[in-house]
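Accompanying notes for the structure given below.
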Amino acid sequence: MPDTIFHKILRREVPADIVYEDEHLIAFRDIAPQAPVHVLFVPKRDYATLNDVPEEDAVVIGRLATAAARYAKARGFAESGYRIVMNCNHDAGQTVFQIHLHLLAGAHLGRFGTPA
Ligand code: 5GP
């Protein structure tokens, strides 16, 4: 498992705009936001990609999603809407190999999933 920029953020070796943290995960604003709201939810357990999460650890993914929903409710955009995305490997454009959930919101996001 490589040491990634997100591990450095977790260890407070690299600064980030942290919006939430608990014993399971950390959430911070993306450095290059793709929407008015763009927050990354990162588990404290190490998995390079979604492919590496065993069935018995499904709760790790669930916690990322429910933390994102709680954040959306707390910030008042749960009803207007948001998108959560997890990129896996090359074709999805994954660049940081510690799993993370993107939360995108704050504007009508349009369609997605077309080839680049
Ligand atoms: P991926 O493409 O792997 O799904 O998403 C990685 C995300 O991490 C990108 O949206 C990128 O902008 C963000 N990112 C990369 N380096 C940093 C950093 O040092 N700080 C923060 N806050 N976000 C980063």
Side-chain angles (χ1 to χ4, degrees):
M1 180 73 202
D3 195 39
T4 71
I5 189 77
F6 293 171
H7 294 92
K8 293 184 171 73
I9 288 172
L10 260 168
R11 296 196 302 265
R12 305 298 201 273
E13 292 168 11
V14 167
D17 188 357
I18 296 168
V19 299
Y20 177 77
E21 183 169 16
D22 63 24
E23 68 268 44
H24 301 297
L25 62 96
I26 191 168
F28 50 88
R29 290 184 210 286
D30 197 291
I31 204 168
Q34 302 298 307
V37 176
H38 189 171
V39 176
L40 303 170
F41 291 78
V42 183
K44 292 185 175 180
R45 276 201 227 168
D46 290 350
Y47 309 95
T49 79
L50 187 57
N51 294 335
D52 302 307
V53 181
E55 189 65 32
E56 61 267 27
D57 290 355
V59 67
V60 174
I61 308 301
R63 285 194 191 106
L64 300 181
T66 55
R70 277 200 312 279
Y71 182 81
K73 289 174 193 166
R75 296 298 167 111
F77 59 81
E79 295 307 318
S80 52
Y82 57 92
R83 178 174 294 156
I84 59 173
V85 173
M86 190 175 279
N87 294 319
C88 182
N89 281 333
H90 177 268
D91 278 1
Q94 184 176 1
T95 56
V96 179
F97 287 85
Q98 161 66 359
I99 60 165
H100 50 280
L101 191 80
H102 296 256
L103 169 64
L104 301 152
H108 184 68
L109 297 170
R111 298 302 302 164
F112 69 103
T114 49

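Order of appearance sets the numbers: ligands from 1, and atoms from 1 within every ligand. Positions are given from 1, in the same order as the sequence printed here. Just so it is clear, the structure is predicted and the values come from calculations on it, not from any experiment.
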Q. Which residue pairs pass the salt bridge (Lys or Arg N to Asp or Glu O under 4.0 Å) test with at least one member in residues 52-61, sequence neighbours excluded?
A.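 Found Arg45-Asp57.
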
**Q.** His38, any N or O under 3.5 Å of ligand 1 N or O
**A.**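 No, no N or O pair falls under 3.5 Å.
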
Q. So is Gly93 polar-close to ligand 1, meaning N/O to N/O under 3.5 Å?
A.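 Between Gly93 and ligand 1 (N or O atoms, distance only) the closest approach is under 3.5 Å.
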
Q: For atom 24 (C) of ligand 1, state which one of Ile31, Leu104, Val39 supplies the nearest heavy atom.
A: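 Going through Ile31, Leu104, Val39 one by one, Ile31 has the nearest heavy atom to atom 24 (C) of ligand 1.
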
Q | For atom 7 (C) of ligand 1, the option (of Val85, Asp30, Leu101) bearing the nearest heavy atom | A |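 Looking at heavy atoms only, the winner is Asp30.
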
What do we get for [X] next to ligand 1 when only non-hydrogen atoms under 4.0 Å count, side chain, backbone, both or neither?
| X | result |
| --- | --- |
| His102 | side chain |
| Thr95 | both |
| Phe97 | neither |

Looking only at protein heavy atoms, identify the closest one to [atom] and say how far it is in Å.
| atom | answer |
| --- | --- |
| atom 19 (O) of ligand 1 | Ile5 CG1, 3.3 Å |
| atom 5 (O) of ligand 1 | His100 NE2, 3.0 Å |
| atom 22 (N) of ligand 1 | Arg29 O, 2.9 Å |
| atom 8 (O) of ligand 1 | Phe6 CZ, 3.4 Å |

Q) Can you name the ring pair (Phe, Tyr, Trp, His ring centres under 6.0 Å) partners of Phe28, sequence neighbours left out? A)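 With sequence neighbours excluded, Phe28 shows a ring pair (Phe, Tyr, Trp, His ring centres under 6.0 Å) to Phe6, given in chain and number order.
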
